[in-house]
Amino acid sequence: MNFPNPLIPGFNPDPSIVKVGEDYYLATSTFEYLPGIPIYHSTDLVNWDRIGHVVDREGQIDSTDVPTLGGAWAPTIRFHDGLFYVAVTDAMARGTLVFTAENPSGPWSDGLVIEGAIGIDQDLAWDEDGTAYMTYSGLDTVTGNIGEHGGILQVRVDLEAGKAVEEPRSVWSGTGLMFPEAPHLYRHGDYWYLMIAEGGTERGHSVSIARGTSPAGPFEGNPANPILSARSTERPIQNTGHGDLVQTPDGGWAMVLLGMRPKGMTRAFSALGRETFITPVTWEDGWPVVEPVILNPCPGSGKFEDHFADSELDGGWIAVRRFPGTFASTEKNPGRLTLVSDGTGLDDPRPSFLGRRQRYQVETISALVDTGSSEEPGSAGGLAVRYDEAHHYSIELNGTTLTARARISSIEQSWTRQVPAGPLELRIETRQPESGAGFGHLSSDTIALQAVVDGELLTLAELDGRYLSAETAASFTGRVSGVFASRGTVTFDWFRSEGREPH
């Protein structure tokens with residue numbers, strides 16, 4: 001099959017997939033963003049639609065106070081006996097959770113805490129008699145090191161009582177690389193296969209596999225391990241790993257996995273973070289053989305436009321550590337988006353920021369922003385592109401004052417201009433850096449903070465995009481771009497994004 005790659009672009013890491021009849025369902029990590037754990041649907045493994053989220057209400061995941069990188073880690077989606085399951089780590093909060101639903105579009109259950117299975121990247125599998133096995137990466141609760149105690153662990157679990165029914169046992173430690181994680185257990189032919197990620201989720205990321213005659217092992221490693229890695233190669237897709245196997249519509253096999261698209265002369269900076277990719281798999285001598293991941297972006301451009309005409313927000317909007325409905329409304333001023341700030345800004349853990357995943361290497365977002373017509377004088381808000389609370393660029397309107405701002409860890413810089421009173425179109429343009437002498441072409445991209453003033457495009461700042469990349473921000477997420485309110489009440493008549501892949 002000719003797969004598009006990335007399969008699901010932008011911040012969509014740690015994919016897990018399940019085939020039910022002729023339908024495919026895929027889940028990805030969301031960390032501190034809500035709603036959490038999107039569910040994507042396809043019938044051909046090529047075209048995907050987001051049909052809902054596992055975490056769509058308070059109480060399912062405790063993201064209120066989790067640090068950056070906390071929240072929903074590495075879900076596994078499975079189907080058994082008429083029910084969909086998602087096993088996930090609520091990192092730094094509730095712990096190991098299992099959600100269930102009769103329909104993958106929701107509603108999903110409140111989430112059952114599984115006692116006695118302390119770790120990350122939980123997988124679920126069932127043997128012939130219905131016994132449920134949870135396989136996961138051991139996590140030292142003191143040091144936080146992955147795989148420190150026995151590598152990949154496994155327990156039989158009671159999914160009604162929410163507890164392990166035995167002590168965890170080590171089933172495999174991989175090939176000796178750091179951070180054995182992301183286990184998935186499958187029955188194929190005469191064997192049970194245990195597939196894991198190793199080497200960390202950075203450039204050393206890889207996939208290895210072992211097999212045995214029982215779901216509990218013992219497992220024998222594939223002599224050809226790792227079966228997939230891009231390390232020390234010039235491939236445009238790096239960090240490949242954290243895979244999940246699935247049968248294709250034509251009867252073949254494929255692996256969905258995470259990867260990154262680093263840019264710049266040294267290919268050191270990945271603006272969009274960890275994305276979902278796919279690659280073909282064949283079976284030889286009882287082992288899966290995985291093809292290198294080939295870059296094959298969808299042609300043309302992608303457009304999104306929201307005039308906020310519906311009473312509910314489009315499902316692509318996400319917020320940080322709280323649900324969008326706590327500060328955003330399309331009903332307060334029908335036909336407009338209204339954001340209400342509680343005094344927090346983009347530097348804070350829970351900003352009044354409503355964003356969308358950046359999906360293209362070249363992308364422009366724009367919105368018509370009104371801070372002067374609200375009932376609260378001194379309101380301020382605008383557009384932002386965000387990695388986390390310490391790494392973001394923004395352009396903000398406060399009455400007749402327009403401010404562009406860059407926050408990079410402990411370093412901050414701003415640029416200010418006066419503009420006429422009234423609503424103003426703000427823009428953030430992401431483009432490829434100009435080639436030539438100097439260090440500009442080392443970067444992933446250039447980000448311009450702009451406004452349309454009296455019909456003319458005004459650029460307040462052009463910034464180096466490498467500082468909003470996964471490698472610099474050290475984040476597991478990706479760029480999220482959108483609207484925010486930093487003070488008072490701010491309204492937006494419309495929001496647009498348009499992106500494409502560079503030529």
Side-chain angles (χ1 to χ4, degrees), residues 11 30-36 55 57-59 61-72 91-93 308 313 317-333 336-358 365 367 369-372 374-399 401-414 416 426 428 449 467-468 473 475 477-492 495:
F11 159 33
T30 43
F31 301 93
E32 64 264 33
Y33 284 94
L34 295 169
V55 180
R57 60 188 183 273
E58 298 288 348
I61 278 185
D62 188 7
S63 295
T64 303
D65 297 315
V66 298
T68 298
L69 305 181
M92 294 85 164
F308 309 113
L313 283 168
W317 291 108
I318 53 178
V320 187
R321 297 183 180 88
R322 53 177 167 170
F323 288 95
T326 60
F327 63 92
S329 172
T330 57
E331 294 182 306
K332 185 174 182 179
N333 294 288
R336 304 175 102 192
L337 172 67
T338 301
L339 301 187
V340 179
S341 172
D342 59 3
T344 59
L346 294 170
D347 296 340
D348 295 302
R350 302 175 75 237
S352 297
F353 169 78
L354 189 66
R356 304 182 69 84
R357 295 164 175 86
Q358 182 176 329
I365 65 169
V369 184
D370 189 356
T371 62
S374 71
E375 64 272 20
E376 298 179 47
S379 295
L383 293 180
V385 54
R386 179 188 190 274
Y387 242 93
D388 56 36
E389 51 267 29
H391 299 83
H392 50 81
Y393 298 160
S394 63
I395 183 163
E396 178 185 83
L397 180 65
N398 179 6
T401 301
L402 185 63
T403 303
R405 180 171 175 247
R407 166 77 190 275
I408 304 166
S409 188
S410 58
I411 302 170
E412 183 177 330
Q413 188 171 358
S414 61
T416 302
L426 303 184
I428 297 181
L449 306 178
Y467 302 112
L468 298 189
S475 175
T477 56
R479 279 193 194 160
V480 178
S481 302
V483 296
F484 71 96
S486 58
R487 195 160 51 252
T489 301
V490 182
T491 57
F492 300 82
F495 174 90

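We use all heavy atoms of the structure for the numbers below, so side chains are in, but hydrogens, waters and symmetry mates are not. As the structure is a prediction and not an experimental result, all values here were calculated from the model.
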Non-neighbouring partners of F484 that pass ring pair (Phe, Tyr, Trp, His ring centres under 6.0 Å), sequence neighbours left out: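 If we apply the ring pair (Phe, Tyr, Trp, His ring centres under 6.0 Å) test to F484, skipping adjacent residues, there are no hits.
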Interatomic distance, [X] atom [atom1] to [Y] atom [atom2] [nearest 0.5 angstrom]:
{"X": "R487", "Y": "T371", "atom1": "CZ", "atom2": "OG1", "value": "9.5 Å"}
{"X": "L34", "Y": "I61", "atom1": "CG", "atom2": "CD1", "value": "7.5 Å"}
{"X": "Q358", "Y": "I365", "atom1": "CD", "atom2": "CD1", "value": "8.5 Å"}
{"X": "L383", "Y": "I428", "atom1": "CG", "atom2": "CD1", "value": "5.0 Å"}
{"X": "E396", "Y": "L426", "atom1": "CD", "atom2": "CG", "value": "9.5 Å"}
{"X": "H391", "Y": "R479", "atom1": "NE2", "atom2": "CZ", "value": "12.0 Å"}

[X] side chain near [Y] side chain, heavy-atom distance below 4.5 Å:
{"X": "R407", "Y": "D347", "result": "yes"}
{"X": "L354", "Y": "L313", "result": "yes"}
{"X": "F353", "Y": "V483", "result": "no"}
{"X": "V55", "Y": "T30", "result": "no"}
{"X": "S379", "Y": "S341", "result": "no"}
{"X": "R405", "Y": "H392", "result": "yes"}

Going by salt bridge (charged side-chain N to carboxylate O under 4.0 Å, His left out), name the residues that satisfy it together with D65, two or more places apart in sequence or in a different chain. none
On a heavy-atom basis, which atom in [X] and which in [Y] lie closest, and how many Å separate them?
{"X": "F31", "Y": "L69", "answer": "CD2-O, 3.5 Å"}
{"X": "S481", "Y": "V385", "answer": "OG-CG2, 3.3 Å"}
{"X": "L449", "Y": "A404", "answer": "CD1-CB, 3.6 Å"}
{"X": "A380", "Y": "V490", "answer": "O-CG2, 3.3 Å"}
{"X": "A91", "Y": "V66", "answer": "O-CG1, 3.8 Å"}

side-chain hydrogen bond (donor to acceptor under 3.5 Å, both in side chains) partners of [X], counting only residues at least two apart:
{"X": "Y387", "answer": "none"}
{"X": "S63", "answer": "none"}
{"X": "R356", "answer": "D314"}
{"X": "T403", "answer": "none"}

Between W317 and F308, what is the ring plane arrangement, given parallel below 30°, perpendicular above 60°, and tilted in between? tilted
Is a donor on one side and an acceptor on the other found under 3.5 Å between the side chain of [X] and the backbone of [Y]?
{"X": "S394", "Y": "A384", "result": "no"}
{"X": "R322", "Y": "P351", "result": "yes"}
{"X": "R357", "Y": "G478", "result": "no"}

Side chain to side chain donor-acceptor pair (under 3.5 Å) partner of R321, the single match among T64, T68, D348: T68
Please report the C-alpha distance between V340 and K332 in whole Å, then the side-chain angles of each, then the deciding distance to 0.1 Å, and finally whether the side-chain contact (heavy atoms from CB on, under 4.5 Å) criterion is met. CA-CA 11 Å; V340 179; K332 185 174 182 179; 4.1 Å; yes
Any chance you could lay out the side-chain contact (heavy atoms from CB on, under 4.5 Å) test for I408 and Y393, step after step, and finish with the verdict? CA-CA 8 Å; I408 304 166; Y393 298 160; 3.8 Å; yes
So I318 and V480, side-chain contact (heavy atoms from CB on, under 4.5 Å) or not? Walk me through it. CA-CA 9 Å; I318 53 178; V480 178; 4.2 Å; yes
Checking side-chain contact (heavy atoms from CB on, under 4.5 Å) for the pair F327/D342: CA distance, chi angles, key distance, verdict? CA-CA 8 Å; F327 63 92; D342 59 3; over 6 Å; no
Salt bridge present between D370 and R336 (N-O < 4.0 angstrom): yes
